[in-house]
Amino acid sequence: MRTGSEPRTARSALRARFWLSLWGLVWAVVGTVAFTLAGRPGWAVASGVLLLVVTIDLVVVLRHIRQGPHYQPGPDIPPYRPVDDPLTDGRPADARSPGRHSPGHGSTDGRPPAPPPPDDHP
């Protein structure tokens, strides 16, 4: 279901990221060992850096998976409802923010201004 708010409500396929990270971890270890044994220190360092990045990604993915359905909802949980943009929610501009009201409006929440207090002085 497309709502137009996908960047704000997107979900990550954490299980797929887990398996891809695991695959990358295996290849980074193999590459680091192979390049070290072959006497290629530059490539060994590059594989070692890749190993570090893949390991960090794997830790982050596992953390999100363990945090539960808030981070990895199942197919039975619908996407979150998009948050309405306060500048386009249908209210007039003077009712949205205190700095955007027309002259003569005493209130910024759309209500008419309160009447002045009675003058009790003779």
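We count residues from 1, following the sequence as given.
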Under 4.5 Å between side-chain heavy atoms, counting indirect links through other Ile/Leu/Val/Met/Phe/Trp/Tyr residues: same cluster for Trp27 and Leu20 or not? no
Give me the one residue out of Val49, Thr55, Ile56 that meets side chain to side chain contact (heavy atoms under 4.5 Å, CB included) with Leu52. Ile56
How about Leu14 and Arg17: do any of their side-chain heavy atoms sit closer than 4.5 Å? yes
Are Leu51 and Phe35 connected in the hydrophobic side-chain network, where two residues link if heavy atoms are under 4.5 Å apart? no
Just one of Thr32, Val29, Val33, Thr36 clears the side chain to side chain contact (heavy atoms under 4.5 Å, CB included) bar with Ser47, so which one? Thr32
Would you say Leu25 and Leu62 are hydrophobically clustered, going by side-chain heavy atoms of ILVMFWY under 4.5 Å? yes
Ile65 and Leu22: same hydrophobic cluster, using ILVMFWY side-chain contacts below 4.5 Å? yes
Look up atom CG in Leu50 and atom CH2 in Trp43, then write down how far apart they are to the nearest 0.5 Å. 11.0 Å
Find out if a path of hydrophobic residues (ILVMFWY) with successive side-chain heavy-atom gaps under 4.5 Å connects Val53 to Phe18. no
Can you name the closest pair of heavy atoms from Val54 and Gly24 and give their distance? CG1-C, 3.8 Å
Between Asp57 and Ser21 the two heavy atoms that sit nearest each other are OD2-OG, 2.6 Å
